[in-house]
K.L.:
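After the structure tokens below, expect a handful of questions from me.
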Amino acid sequence: ISGLELARRVREMRPATQIVILSGYDSFEYAREAIDYNIVSYLLKPISSDELSEALFDIRRKMDERLRQLLPSKDPDVEAQLRRLRVNEFLLPLMLGSNEVRQDNGDLLAGARKLGIVPPEIGSPRFCVLVSKFKAADGGYVANNRHAEFIGNLFARHGVHTESLIAYRRTVTLVVDDGSGTLSNLLELPLTETVQTARRMLSEHCTIGVSRGFSAFSECSNAYFQAVTARRYTSDGAGDIRFINDQEKKEDFAIDQAEKTVVMLEQLLKVGTAEQLTDFIETLYRSSTPENANLLFIQMIATVCRVVSSVSDQPDALRLLSTNPLFSRITANSTEEATKQEILDFCGRAQALITQSRKRESEVLC
């Protein structure tokens, strides 16, 4: 294809790209067609290195001017501040899982549409959560509403609708789209541009974790913790953007069922009847595979220990543990030092296994 055809296709796929034509065609028609594609500069051969350098510096100046337009305004108007407060009040409890009563997804979607979180043109929305951290030159993490607006402006350039808020020195972003295409393709360019622009215009190092996609607002808290976990994988220095799907295999039981099991078991231990507790455990084991049953076993022991310790005197809790056969191997003829060493060995082996698994996945990709 010709250079002009290439420019046309690039312009369609990535409108923000700055394109320069260096050509031997001294033709008005050719130059006019190039201008129609919004090409920032048209240079004619032959050209000296000084002329090329001057043109590139001018292009950089133009790019910086456009990037500065993405930076948030210092003094947002009152209406924008009020809307942000309403959006935060709606999204923050969903992200942090702090709602005591599980709300109906239909009601949540209606509320989100009313606030403009879900645009009216998106009939069946798909959601995704991003967690971003910005590190300043002094090594400290910074997060404020300007970062939330910064991310919103960048994603809007690529036609991606977002709502961002600040929590625990993190910028938490809800991505809303119509579900067409894969998330990785949708987010690749705006995520990359966010990291690059933060470094260039804010002088800050940005790292981002990306959750799995989901369709119900009630899954926001799960997605938030997925994104937090994914972002922590950036600590190995191998990349500033991490998708949880790339880092951890999707296990519906481990992600969703285990959490529901903990919540239900805790409720039954505190206020349920003996029959309800027995039925619950019997049902769990009937519906689980042998592998999941082992995970259930560990999950339930941890939950029982935590609940008993929180509501009973310490001697009662210790007596329960010491008299149960499950703990005989831990409590019988074992000193505190020996137990500590066994735990250290167990955790060390687990860490090595995880590291080895991640390395193997990287080698497969390479």
Side-chain angles (χ1 to χ4, degrees), residues 88 91-98 117 126-136 139-155 158 160-177 181-199 202 204-252 254-256 258-259 351 354-355 357-359 361-362 365:
N88 286 2
L91 286 180
L92 199 57
L94 292 172
M95 292 293 180
L96 302 183
S98 54
I117 295 171
R126 173 180 60 183
F127 306 105
C128 172
V129 173
L130 316 176
V131 167
S132 311
K133 293 193 83 170
F134 293 83
K135 184 185 287 186
Y141 286 105
V142 290
N144 53 53
N145 287 334
R146 296 188 69 219
H147 291 96
E149 191 177 340
F150 170 71
I151 289 177
N153 291 343
L154 276 168
F155 275 72
H158 296 275
V160 181
H161 183 80
T162 62
E163 293 287 351
S164 294
L165 51 91
I166 306 300
Y168 304 120
R169 292 192 301 172
R170 302 180 180 113
T171 305
V172 183
T173 303
L174 179 72
V175 176
V176 186
D177 80 304
T182 62
L183 274 174
S184 57
N185 289 342
L186 174 75
L187 299 178
E188 180 185 4
L189 293 179
L191 286 173
T192 302
E193 194 163 314
T194 299
V195 171
Q196 293 175 350
T197 307
R199 183 183 300 115
L202 304 178
E204 294 171 358
H205 180 205
C206 176
T207 52
I208 306 174
V210 186
S211 79
R212 297 181 175 93
F214 59 99
S215 57
F217 263 110
S218 57
E219 299 300 317
C220 277
S221 60
N222 286 342
Y224 168 71
F225 287 109
Q226 289 171 15
V228 169
T229 302
R231 198 210 65 83
R232 286 176 178 154
Y233 282 107
T234 64
S235 61
D236 64 8
D240 293 330
I241 302 165
R242 295 297 179 89
F243 288 74
I244 192 66
N245 269 343
D246 293 338
Q247 303 303 139
E248 298 180 359
K249 299 177 178 66
K250 184 175 182 181
E251 292 287 347
D252 290 337
I255 295 168
D256 187 36
E259 183 177 338
Q351 187 181 52
I354 292 168
T355 302
S357 176
R358 288 171 57 193
K359 181 180 179 184
E361 291 291 334
S362 300
L365 286 174

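In this chain, numbering begins with 1 at the start of the sequence shown. Computation of the quantities below employed the complete heavy-atom set of this structure, encompassing side-chain atoms and omitting hydrogens, waters and symmetry-equivalent molecules. Only a predicted model underlies this, so the values are computations on that prediction, with no experimental measurement involved.
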K.L.:
Side chain to side chain donor-acceptor pair (under 3.5 Å) with E204: which of R199, K135, H147?
P.N.:
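Result for side chain to side chain donor-acceptor pair (under 3.5 Å) with E204: H147.
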
K.L.:
Quick one: CZ on F155 to CD on E193, what's the gap to the nearest 0.5 Å?
P.N.:
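One gets 9.5 Å once the value is rounded to the nearest 0.5 Å.
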
K.L.:
Under a 4.5 Å cut-off applied to non-hydrogen side-chain atoms, are Q196 and T192 in contact?
P.N.:
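Yes, close enough: below the 4.5 Å cut-off.
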
K.L.:
I need the minimum non-hydrogen distance between S132 and C206, along with the two atoms involved.
P.N.:
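Between these two residues, the closest heavy atoms are CB-SG, 4.3 Å.
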
K.L.:
What distance do L191 atom CG and R242 atom CZ have between them, rounded to the nearest 0.5 Å?
P.N.:
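Here the rounded value is 13.5 Å.
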
K.L.:
Could you work out, with ring-ring contact (aromatic ring centres under 6.0 Å, His included) as the rule, every residue matching Y224, not counting sequence neighbours?
P.N.:
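For Y224, no residue satisfies ring-ring contact (aromatic ring centres under 6.0 Å, His included) once neighbours in sequence are set aside.
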
K.L.:
Any chance you could measure L165, atom CG, to L92, atom CG, to the nearest 0.5 Å?
P.N.:
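Answer rounded to 0.5 Å: 5.5 Å.
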
K.L.:
List the atom of A223, the atom of S211, and the distance in Å for their closest heavy-atom pair.
P.N.:
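Distance-wise, the nearest heavy atoms are O-CB, 3.2 Å.
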
K.L.:
Sequence neighbours excluded, which residues qualify as salt bridge (Lys or Arg N to Asp or Glu O under 4.0 Å) partners of R231?
P.N.:
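In terms of salt bridge (Lys or Arg N to Asp or Glu O under 4.0 Å), with neighbours along the sequence ignored, R231 is linked to no residue.
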
K.L.:
How far apart are the C-alpha atoms of L174 and L91, what are their side-chain angles, what is the distance that settles it, and do they pass the side-chain contact (heavy atoms from CB on, under 4.5 Å) test?
P.N.:
CA-CA 9 Å; L174 179 72; L91 286 180; 4.0 Å; yes

K.L.:
Output the distance between atom OG (S184) and atom CG (D246), rounded to the nearest 0.5 Å.
P.N.:
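The OG atom of S184 sits 7.5 Å away from the CG atom of D246.
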
K.L.:
Do T197 and L154 come within less than 4.5 Å of each other through their side chains, counting heavy atoms only?
P.N.:
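They are in side-chain contact.
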
K.L.:
Would you compute the distance between atom NZ of K133 and atom OH of Y168 and round it to the nearest 0.5 angstrom?
P.N.:
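One gets 12.5 Å once the value is rounded to the nearest 0.5 Å.
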
K.L.:
Going by the rule side chain to side chain donor-acceptor pair (under 3.5 Å), which residues pair with H205 if we only count those two or more places apart in sequence or in a different chain?
P.N.:
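Per chain and number, H205 pairs via side chain to side chain donor-acceptor pair (under 3.5 Å) with D240.
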
K.L.:
For V129 and C220, work out which heavy atoms get closest and say how close.
P.N.:
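That closest heavy-atom pairing would be CG2-O, 4.3 Å.
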
K.L.:
Could you check whether any side-chain heavy atom of L130 comes within less than 4.5 Å of a side-chain heavy atom of T162, counting everything from C-beta outward?
P.N.:
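L130 does not reach T162 side chain to side chain.
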
K.L.:
What residues form a side chain to side chain donor-acceptor pair (under 3.5 Å) with T171, not counting sequence neighbours?
P.N.:
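Partners of T171 under the side chain to side chain donor-acceptor pair (under 3.5 Å) test: none.
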
K.L.:
Below 4.5 Å, heavy atoms only, C-beta onward: do R212 and N222 meet side chain to side chain?
P.N.:
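A side-chain contact is absent here, since even the closest heavy-atom pair is not under 4.5 Å.
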
K.L.:
Holding to ring-ring contact (aromatic ring centres under 6.0 Å, His included), I want the full list of residues that pass it with F217, two or more places apart in sequence or in another chain.
P.N.:
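Expected list: F90, F127.
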
K.L.:
Can you confirm whether D177 sits close enough to V160 that some side-chain heavy atom of one is under 4.5 Å from a side-chain heavy atom of the other?
P.N.:
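Result no, sub-4.5 Å side-chain heavy-atom pair not found.
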
K.L.:
Look at the side chain of H161 and the backbone N and O of I117, then say whether any donor-acceptor pair between them is shorter than 3.5 Å.
P.N.:
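It does hold such a pair.
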
K.L.:
Could you grab the distance from atom OG1 of T173 to atom CG of L187, nearest 0.5 Å is fine?
P.N.:
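Spacing of OG1 (T173) from CG (L187) equals 10.5 Å.
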
K.L.:
Tell me every residue that passes side chain to side chain donor-acceptor pair (under 3.5 Å) with T194, counting only those two or more places apart in sequence or in another chain.
P.N.:
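If we apply the side chain to side chain donor-acceptor pair (under 3.5 Å) test to T194, skipping adjacent residues, there are no hits.
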
K.L.:
Answer yes or no: is there a side-chain heavy-atom contact under 4.5 Å between F150 and L202?
P.N.:
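In contact.
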
K.L.:
Could you pull out the closest heavy-atom pair between N144 and I166, with the gap in Å?
P.N.:
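Scanning both residues, the minimum pair turns out to be O-CD1, 3.2 Å.
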
